[in-house]
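Working notes, beginning with the structure itself.
FYI, side chains are in, hydrogens and waters are out, and symmetry mates aren't considered; it's all heavy atoms of this structure. Quick note on labels: first sequence line is chain A, next is B, and so on, each numbered from 1.
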Number of protein chains: 2
Amino acid sequence: MTMRDSLRHAFELATEMVDLERRAPLREHRQPEELLAELDLTLCGEGQPMPALLDSLRQLYRETPRIASSRFFNQLFGGRDPVATLAEILTVVANNPMYTYKAGGAQVLVEREVLRHMASKAGFEGGDGMFSPGGSLSNLAALVVARNEALEGAREDGLGAGRFRAYTSREGHYSLRRAMGILGLGRNNLCMVPTDEGGRMDAVALRREIETDLSAGVRPVMINATAGTTQLGAFDPLPEIAEVASEHGIWMHVDAAYGGSVLLSPRHRRLLDGCELADSLTWDAHKIMGVPLTCSTLLMRRPGLLAKHLDESAGYLFQGDDDEFNPGVRSLQCGRRNDALKLWAAWRFHGDRGYAHRIDRLFALAASAADRIEADPDLRLFRHPESLNICFQVTGCSASEICERLEREGRLLVGYARLQGENWIRLVCVNGDLDEAGLDIFFGEVKAVAAALAG
Amino acid sequence: MTMRDSLRHAFELATEMVDLERRAPLREHRQPEELLAELDLTLCGEGQPMPALLDSLRQLYRETPRIASSRFFNQLFGGRDPVATLAEILTVVANNPMYTYKAGGAQVLVEREVLRHMASKAGFEGGDGMFSPGGSLSNLAALVVARNEALEGAREDGLGAGRFRAYTSREGHYSLRRAMGILGLGRNNLCMVPTDEGGRMDAVALRREIETDLSAGVRPVMINATAGTTQLGAFDPLPEIAEVASEHGIWMHVDAAYGGSVLLSPRHRRLLDGCELADSLTWDAHKIMGVPLTCSTLLMRRPGLLAKHLDESAGYLFQGDDDEFNPGVRSLQCGRRNDALKLWAAWRFHGDRGYAHRIDRLFALAASAADRIEADPDLRLFRHPESLNICFQVTGCSASEICERLEREGRLLVGYARLQGENWIRLVCVNGDLDEAGLDIFFGEVKAVAAALAG
């Protein structure tokens, strides 16, 4: 098969997939065991002719969740940006590794411009940053830098004795705890600071924890503030946290994997006020900005620290060009795919203003969804949303059972949150294509299933 | 723009790119500063209309290295598999995150089958594994598990006092040293074991180092054997290393990021004999198997250890399905793109036999390239290759100057190795489309440039 044939087949199959998604936004639910029995997935000695393989791919996609459809509310992303998708397909065909200018060429400059623009939105003018394969690894890299800046010699000689601690809220993302385990700091040494009812970190409790630790000889290595929590979409009070961090000279990181994009909305940007005081910030563009997976960045207020703590001099790799243009020296990876072009293309197309408009529209939809819930005697709102997540219950009905049945009956894919000892359906308004009609369908399906469960 | 339009544009632009690559396999060399002055990459408030954006994308790709072309020898991968590219484009459009069966559906089963097949090739029947975004992170994950298995309580409470050490050869990949720094073990605690002239680890020296460490109270956490070194493509003596590891109860990892694919060739598989004795193995399919970036796996002989050391119970994420089908519990990432489908599709198309044939052909080409060098009085072979890397010099000519000039004049992109205090041009025979005619061109260009430099 030639590349021209390959591209033609890809175009045809992808068009079929998009059409199928429109016609049937949710696949029929199937158990993994059932699918395993039905699909022939075996790899073996013999190759398969192309026509049979194309049929297998078709069959596979019928059994693959339609993430970009109007019925998918299961993750903190949804929809599909046509411009970003176009650029990502070009990235696949070009296949540049992004360690060096020699191998990445103009794509390295594109990546640099995207990072520059994002850093400037975060208030980190003159800083630097990196792309990483997901918010978890961006947070991990921030913790590496924070730890090494706090503990001299850690990178070269290891951690040594002593007790270390990092701080995040109880509603912070689980990647922080995993990173503590990976980095040799210990999962138990992540302090889970209480939150208020809205899921925002209690800065007074944070200060108290740190002071207790300091007087016990424990070394704080990082405070993680969350801008956009996974369950409630809550934004920690950044200025108050920054004050605690600065008072004690502790690295402040903002996990804005989810909420970073709100920086693009002049109307809602205040949720992130104070992030410019932080030392680092994670911002995923594959969430609210709708570009294909993954597109995560770690932005640094001061330049040079990523290279200081991650660079290895590999003579066989970094040959000839200025390291400013060799992003490999600021990366967790060696071979690395180009995650920047898709975002650059979408950003060029929409402009900051297009994104601001999208974000404002999604905030308005979330508020409208909360209003609907409050106005409905059968529904119970957890609380009015700070951003795009709305947690609610149907009176007298288990949230988890509703979610399960919605999936099993092929109506919706939506998850639930665990708040104050109860399960709550978590509606996320993150799909750029969502509108009031989409909310009508959403609530219609939820209520239909709840009625059936009650009946 | 609709998705149909987007796909049509992507198809047209990608076809143009492939045609351009054939017509002009190397772009004219440009300095980054020069490109920056010429290209308008700025992101700003206003969006750009689609026709202008398409022109920008075209212009960008003219200035992007043509990685898949016949003139690219700069990395341990090359060429472009049409079937893998087709499947990867479908992956972009489908955009499934791979933490849960709920969000990945049949794609999770595809990933599972690929890992099962690879594990069985490595002699890890009944083991498990994970996809990670590159060999560096696969090696890092192996070191996490090895460290935690060696040091009880490390994951929960941190490393504590004590000195730890890991072992790799002087020709091992730099990601090991970086991982030591990241994991809190300390870069200085990576012991660089000497190699023989061919770049293979000296197992006697390894044993000596370990015994010295043990008697000094240092805790060994992992031995990394390399199967396919970056410079020479050398394979460490796995059975001898396994003996040392087993004798002292030390975790043995095989970094077969480059060489793992050789497991598919009955003729050359003996280079990896003994890998079945290891505890874990990194194998990148984006190298010799030619699938788009990135496609790296970490395979484990015993199942359950990845989940034991990486899983976090995130109630809001893993809802409902059996964890066997939730690969997120065995991952460094949370949101994670689907890197399995492209490999599955290519493997279904070629079969094990197709890959065996490709690998045997590449080995034969590498041997032929070495023969050409030996037969040529102007060229000096470092040594006959063990696999696909051939390091050589042009008598009286600096290897680095030749490589630079080859790039500047738009003839070839090839790197050099640093061996025994000298630079050597490193020819890698990894592009599945390479043939003897391609070698004619390669040596013709090298000799032309060397003659010009001498003249």
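- Both the backbone and the side chain of B/Leu90 come within less than 4.5 Å of a heavy atom in chain A.
- Looking at A/Gln107 and A/Asn96, their side chains never bring a donor and an acceptor atom within 3.5 Å of each other.
- Between atom CZ of residue A/Arg177 and atom CD of residue B/Glu312 there is a gap of 6.5 Å, rounded to the nearest 0.5 Å.
- Here A/Glu156 is the residue among A/Arg336, A/Arg4, A/Gln333, A/Glu156 with the most heavy-atom pairs under 4.5 Å with chain B.
- Among the candidates B/Val83, B/Ile89, B/Leu86, B/Thr85, the single residue satisfying the side-chain contact (heavy atoms from CB on, under 4.5 Å) test with A/His9 is B/Leu86.
- Only the backbone of A/His350 comes within less than 4.5 Å of a heavy atom in chain B; its side chain stays farther off.
- A distance of 7.5 Å separates CD of A/Glu407 from CG of A/Asn74, quoted to the nearest 0.5 Å.
- Chain A forms the most heavy-atom pairs under 4.5 Å with one residue out of B/Glu88, B/Gln59, B/Arg116, and that residue is B/Glu88.
- Judged by distance alone, the side chains of B/Asp352 and B/His117 do bring a donor and an acceptor atom under 3.5 Å apart.
- Ranked by heavy-atom pairs under 4.5 Å with chain A, the first of B/Gly134, B/Gly105, B/Gly354, B/Cys44 is B/Cys44.
- The parts of A/Thr42 that come within reach of chain B are both its backbone and its side chain, each placing non-hydrogen atoms under 4.5 angstrom from that chain.
- Contact annotation for B/Ala154: only backbone heavy atoms (N, CA, C, O) come within less than 4.5 Å of a heavy atom of chain A.
- Among the candidates A/Ile182, A/Val92, A/Leu39, A/Val18, the residue making the largest number of heavy-atom pairs closer than 4.5 Å to chain B is A/Ile182.
- Rounding to the nearest 0.5 angstrom, the gap separating the OG1 atom in B/Thr294 from the CE atom in A/Met98 is 13.5 Å.
- Heavy atoms of A/Arg62 lying under 4.5 Å from chain B are absent altogether.
- Among the candidates A/Gly181, A/Ala103, A/Ala141, A/Ala356, the residue making the largest number of heavy-atom pairs closer than 4.5 Å to chain B is A/Ala103.
- Of the listed residues B/Val144, B/Leu35, B/Asn423, the one with more heavy-atom pairs under 4.5 angstrom with chain A than any other is B/Leu35.
- In terms of non-hydrogen atom pairs under 4.5 Å with chain A, the most contact-rich of B/Asp19, B/Leu413, B/Asp284 is B/Asp19.
- The choice from B/Leu36, B/Leu57, B/Asn189, B/Leu13 that makes the most heavy-atom pairs within less than 4.5 Å of chain A is B/Leu36.
- Using a 4.5 Å cut-off between heavy atoms, A/Val108 does not touch chain B at all.
- For a residue to count as touching a neighbouring chain, one of its non-hydrogen atoms must lie under 4.5 Å from one of that chain's; by this rule A/Leu43 touches chain B with backbone and side chain alike.
- Aromatic ring orientation, A/Phe77 versus A/Phe72: tilted (interplanar angle from 30° to 60°).
- In plain terms, the two heavy atoms of A/Arg337 and B/Leu293 that are nearest each other are NE-O, 3.2 Å.
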